[in-house]
Amino acid sequence: MQRIRISDARHHAGESVEVAGWLYNLRRSGKICFPLVRDGSGIMQCVAVKASLDETLFESLRSLTQESSLVIRGKLRAEERAPGGVEMDVESAEILQRVPETDPYPITPKDHGIDFLMDHRHLWLRSKRQHAILRVRHEVIKAIRDFFDSNGFLNVDTPIFTPAACEGTTTLFEVDYFEDEKVYLTQSGQLYNEANVMAHGKVYCFGPTFRAEKSKTRRHLTEFWMVEPEMAYATLEDVKQVAEQMVVFIVGRVLENRREELKVLERDVSKLESIRAPFHRMSYDDAVKILQSRGSEIQWGGDFGGTDETILTQEMDRPVMVDRFPATFKAFYFQPDEARHDVVLGVDVLAPEGYGEIIGGGQRIHDLDLLLRRIDEHHLPREAFNWYIDLRKFGSVPHAGFGMGVERFTAWMCGLEHIREAIAFPRMLYRTRP
């Protein structure tokens, strides 16, 4: 008998097949029971009739406990009222592991507090909502790779262990390396990507990054995944263009392939359908004026907080690009604006609906003397950046790039209140387990 995935069941109506999965739910009605089985690809209702089965097997199915594992066999038939549009008439089954009634599955249909659910994250992942979120995340990641792979970018991996900070040492996790050497978990692959881009012209890295910020907001994780493209012979305007094209592409893919998951999440897809080019654009100067007019206490020279980002996008139907930030709070590698040296050629892309910054990037310093001055101004050790300095000695060119966190983007796509649900096992200020 052929084993199938539930997601393919519609293509096997009229056939006898087997499905390997777990008991999601169970209804009983006299001499009939209805096991609801999930296999990771979907959920299927099965119909077990006492008169058609061995009595012992029927009683085993009728008393089966939630999340018990089983292989179930039977004939499929179309039934539009059933989940997935197909039901199975059970012919036989093998129960691999029965969850004991004395120690039942802890997550039930009743309301559970978030701490309880996070403590049981390894089991909570099986719920319909969490299942949908991670499938949307998968679509986001696949779309990211497809976008860059089809636009001439080469994927080059960058180190997790780094000898120096990318954006200052206060948000680094320090690690003991061999022979008393200290290294750090990477904040970003960008600096190494600047070396890669001088070899390949257009590159991207994609992997885990770590920030030791003591932030407890709904937008922050200490470990998250980030995609970072870098382009040679490129400027701030190139960053804006590529970022805009990428966001529109990813949103389109999610809408095309994950409508069912968005429905499970009760996501208002009309909000996503309005995401199209061109995005709204404004300078940092203008953004500060808008914020002040709407009651924010921000002053010129201050960085945006989460509330400021929300205020800027509250009347927008699509992302907002804010550029030319003060040099005082941006990283050492940002290229100053030739017309105004107090601002740099950086841009943040802010998502609507209160999801804040999803992309940050800009043009990098390509002049050797300027880079050395900036390294010194930021009190960074030159010796740790010797290789990075070499890039300005041997064929330096204007270049630019950006970074986008997968979890923030996924949270936006799914309409999540908190970023912790956008990754299977979140790491936050006070959570490292399970």
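Taking the charged nitrogens against the carboxylate oxygens, Glu67 and Arg98 have no contact shorter than 4.0 Å, which rules out a salt bridge. Between Glu353 and Arg267 there is a salt bridge, with a side-chain nitrogen of the basic residue lying less than 4.0 Å from a carboxylate oxygen of the acidic one. Ion pair Arg129/Glu261 not flagged as a salt bridge, since none of the NZ, NE, NH1 or NH2 atoms sits closer than 4.0 Å to an Asp/Glu carboxylate oxygen. Using a 4.0 Å cut-off between a side-chain N of Lys or Arg and a carboxylate O of Asp or Glu, Arg374 and Glu377 qualify as a salt bridge. With salt bridges taken as basic N to acidic carboxylate O contacts below 4.0 Å, none links Glu18 and Arg5. Ionic pairing of Asp317 and Lys271 is not present here: no N-O contact between side-chain nitrogen and carboxylate oxygen is shorter than 4.0 angstrom. Looking at Glu407 and Arg219, no side-chain N of the basic residue comes within less than 4.0 Å of a carboxylate O on the acidic one, giving no salt bridge.
Between Ser68 and Thr65, the side chains place a donor N or O and an acceptor N or O closer than 3.5 Å (distance only, hydrogens not considered). Using modelled atom types, one finds no donor on one side chain facing an acceptor on the other under 3.5 Å when comparing Gln190 with Glu228.
With a 4.5 Å cut-off on side-chain heavy atoms, Gln187 and Arg211 count as touching. Residues Trp225 and Thr410 are not in side-chain contact: their nearest non-hydrogen atoms beyond the backbone lie 4.5 Å or more apart. For the pair Leu262/Leu255, a side-chain contact is recorded, criterion being any heavy-atom separation below 4.5 Å from C-beta on. Within the 4.5 Å cutoff, side-chain heavy atoms of Ile275 are placed close to those of Val247. Between Leu123 and Pro106 there is a side-chain heavy-atom pair separated by less than 4.5 Å. Two residues are said to be in side-chain contact when any heavy atoms from C-beta on lie closer than 4.5 Å; Leu191 and Phe385 meet this criterion. Looking at heavy atoms from C-beta onward, Val203 lies out of side-chain contact with Phe153 at the 4.5 angstrom threshold. Residues Arg145 and Tyr204 are in side-chain contact: their nearest non-hydrogen atoms beyond the backbone lie under 4.5 Å apart.
Paired with Phe161 under the rule ring-ring contact (aromatic ring centres under 6.0 Å, His included), one option of Phe173, Tyr184, Phe210, Tyr177 passes, and it is Tyr177.
Take Trp124 and apply the side chain to side chain contact (heavy atoms under 4.5 Å, CB included) test, not counting sequence neighbours, and it matches Ile107, Ile114, Leu117, Met118, Arg121, Ser127, Gln130, Glu421. Partners of Asn193 according to the side chain to side chain donor-acceptor pair (under 3.5 Å) rule, which considers only residues two or more places apart in sequence or in another chain, are Asn196.
Applying the 6.0 Å contact sphere to CZ of Phe116 captures more than 12 heavy atoms from other residues, nucleotides or ligands.
With a 6.0 Å cutoff to the six-membered ring centre and a 45° limit on the axis angle, Arg392 counts as a cation-pi contact of Tyr388. At least one test fails for Arg318 against the ring of Phe279: distance under 6.0 Å to the centre or angle within 45° of the axis.
In this structure, CG in Leu125 is found 6.0 Å from CG in Leu134, a value given to the nearest 0.5 Å. The distance from atom CG of Asp285 to atom CH2 of Trp300, rounded to the nearest 0.5 Å, is 6.5 Å.
Under the salt bridge (charged side-chain N to carboxylate O under 4.0 Å, His left out) criterion, the residue pairs touching residues 233-243 are Glu237-Lys240, Lys240-Asp323, with sequence neighbours excluded. Sequence neighbours left out, the pairs with a member in residues 244-255 that pass salt bridge (charged side-chain N to carboxylate O under 4.0 Å, His left out) are Asp146-Arg253, Glu244-Arg281. Each side chain to side chain donor-acceptor pair (under 3.5 Å) pair with one or both residues in residues 360-370, not counting sequence neighbours, appears once here: Glu230-Arg364. The side chain to side chain donor-acceptor pair (under 3.5 Å) contacts involving residues 422-432 comprise Asp119-Arg431, where partners must be two or more places apart or lie in separate chains.
Asn257 contributes no side-chain N or O that, together with a main-chain N or O of Val254, makes up a donor-acceptor pair within less than 3.5 Å. For the pair Lys289 (side chain) and Tyr284 (backbone), a donor-acceptor distance under 3.5 Å is absent. Distance alone, capped at 3.5 Å, places no donor-acceptor pair between the Ser396 side chain and the Lys393 backbone.
Aromatic ring orientation, Phe329 versus Phe325: perpendicular (interplanar angle above 60°, classes split at 30° and 60°).
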